[in-house]
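Below is one structure, written out as structure tokens; comments come after it.
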Amino acid sequence: MRLDELGDPKAPTILMVPGSFCTGDSELPIARRLCDRFHVVTVTLDGHVKGGGDYLSKEASTEGMVSWLHGRGIDHLAMAHGTSMGAINVLDVAREGSVSADVWFYDGGPFFDLPRPVETLMRRLFRRVLGIGRRPDGTPWKIDVDKVLGGSVLRHFLGDDAPMYREILGNCAEVCTFVSDATLTNECRTFCECRLPELPPDVVRRSVFVWGSKESARASRKRVQSTYPDAEFIDAEGYNHCGLQCVKPDEYARLLSEKIAQGRRGPCR
């Protein structure tokens, strides 16, 4: 695991956890817009650092992040922010409970608990995603980003919005050249087996869940809303998976700042 810091370490801390097969660098467009007033920590999970260990589970990731924060004397965050699968990891940090936050922010979280046959299908799909960075024999190759953006895998999820993910895709493609089969299997398990934990009422009221109106992960909203009815729910109308932060980073950074200011005054709801 690698954690990178931007901004003044004495400023309030924002923890940012990226999505599947991405490094903390994928969060830089937002982190750079916040680091003039916040201490921003971007996370690259195990399995996503070349030469590092495999991704094991969300619980192991929580242990690594929490240990790093405690080692620097940080037990309270201005915001814990998760993108896509990173939202599941942040939810597990909330469950662990030794780090508090003014705001828990979940963008595009696929909060599903899927049956095993579906998990098997998802694992096959994940392997297809890894194929963007590898030849058929498994060796890495130079990625043609435009070709990948027009490919069937991304088009299935993103439709005509695929081109707006160019920057994140470049980051993902790099990871896909080296990620292990064990990491793929364990990451797929995190993705498919999200059992929503019981959270303290104050944590729930400080939780903000965001989905684009066009993204498939939004199908988990009903389940989340039933479990955490006192959380705040935001629809990013017209956007696909985590699209608001990709397309309008200035607006998105302002939204995060506003939620932190609100959270300092009290729960978001």
Side-chain angles (χ1 to χ4, degrees), residues 1-19 22-45 58 61-109 197 199-211 228 230-234 236 242 244-246 248-269:
M1 184 179 293
R2 191 186 81 221
L3 293 95
D4 298 307
E5 301 173 83
L6 294 82
D8 183 357
K10 296 180 181 178
T13 299
I14 298 175
L15 182 74
M16 303 191 77
V17 186
C22 288
T23 72
D25 290 351
S26 67
E27 301 288 355
L28 288 178
I30 307 302
R32 287 173 177 150
R33 287 167 168 82
L34 295 168
C35 66
D36 60 332
R37 54 201 182 279
F38 295 102
H39 171 228
V40 183
V41 178
T42 62
V43 180
T44 300
L45 295 170
K58 60 182 181 294
S61 297
T62 293
E63 182 179 350
M65 288 185 280
V66 168
S67 176
W68 188 95
L69 291 168
H70 287 331
R72 282 152 182 80
I74 301 170
D75 57 12
H76 181 79
L77 303 168
M79 174 180 281
H81 178 283
T83 295
S84 189
M85 194 194 79
I88 298 175
N89 290 104
V90 166
L91 183 63
D92 197 66
V93 175
R95 172 204 61 79
E96 193 270 349
S98 68
V99 174
S100 60
D102 292 327
V103 184
W104 300 87
F105 198 97
Y106 309 95
D107 188 351
L199 299 174
D202 183 66
V203 172
V204 174
R205 290 193 295 269
R206 293 179 180 276
S207 296
V208 181
F209 294 87
V210 179
W211 289 278
Y228 308 127
D230 292 330
E232 180 178 359
F233 294 85
I234 298 175
C242 305
L244 181 58
Q245 64 173 285
C246 295
K248 295 187 176 178
D250 290 328
E251 180 179 326
Y252 191 84
R254 284 195 297 272
L255 173 64
L256 299 190
S257 294
E258 289 166 5
K259 290 303 172 186
I260 290 171
Q262 183 181 346
R264 286 174 176 169
R265 296 191 296 269
C268 296
R269 291 296 296 262

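For reference, positions follow the sequence shown, starting with 1. Predicted model, so just to flag it, every value in this text is computed and none were measured.
Across all their heavy atoms, G108 and C242 have their closest contact at CA-SG, 4.0 Å. Between P18 and S26 the shortest heavy-atom distance is CB-OG, 3.5 Å. Annotation for D25 and R2: closest pair OD1-NH2, 3.7 Å, computed over non-hydrogen atoms. Minimum heavy-atom separation, V210 to A236: CG1-CB, 4.5 Å. The two residues M65 and L45 come nearest to each other via the heavy atoms CE-CD2, 4.5 Å. When all heavy atoms of G19 and S84 are compared, the closest pair comes out as CA-CB, 4.0 Å.
Screening residues 62-91 for salt bridge (Lys or Arg N to Asp or Glu O under 4.0 Å) gives no qualifying pairs among residues at least two apart or on separate chains.
Between S257 and the choices Q262, R37, R33, the side-chain hydrogen bond (donor to acceptor under 3.5 Å, both in side chains) rule is met once, by R37. Applying side chain to side chain contact (heavy atoms under 4.5 Å, CB included) to C35 and the options V40, I30, L28 leaves one that passes, V40.
Counting only distance, with no hydrogens or angles, the side chain of T13 and the backbone of P9 share no donor-acceptor pair below 3.5 Å. Side-chain N or O atoms of S67 include none that pairs as donor or acceptor with a backbone N or O of G64 at under 3.5 Å. Although no hydrogens or angles enter the test, the distance criterion places a donor-acceptor pair under 3.5 Å between the side chain of T44 and the main chain of G24.
Within the 4.5 Å cutoff, the side chain of I234 has heavy atoms near those of the K259 side chain. Residues D102 and M79 form no side-chain contact, since every pair of their non-hydrogen atoms from C-beta on lies 4.5 Å or further apart. Under the 4.5 Å side-chain criterion, counting only non-hydrogen atoms from C-beta, L91 is in contact with L199. Counting heavy atoms from C-beta on, the side chains of Q245 and P29 never come closer than 4.5 Å. Residues V93 and L77 form no side-chain contact, since every pair of their non-hydrogen atoms from C-beta on lies 4.5 Å or further apart. Within the 4.5 Å cutoff, the side chain of Y252 has heavy atoms near those of the D107 side chain. Between H70 and V99 the shortest side-chain heavy-atom distance falls below 4.5 Å. Side-chain contact between V41 and W68: present, with at least one pair of heavy atoms (C-beta onward) separated by less than 4.5 Å.
Atom CH2 of W104 sits about 11.5 Å away from atom OH of Y228, to the nearest 0.5 Å. We find the CG-CZ distance between L256 and R254 to be 11.0 Å, quoted to the nearest 0.5 Å. Of the inter-residue distances, the one linking Y106 atom OH with N89 atom CG reads 11.0 Å to the nearest 0.5 angstrom. Atom CD1 in I14 sits 4.5 Å away from atom CG in L34 (nearest 0.5 Å).
Side-chain atoms of R95 and T62 include no donor-acceptor pair closer than 3.5 Å.
The aromatic rings of F233 and W211 sit parallel, their planes meeting at an angle under 30°, below the 60° perpendicular limit.
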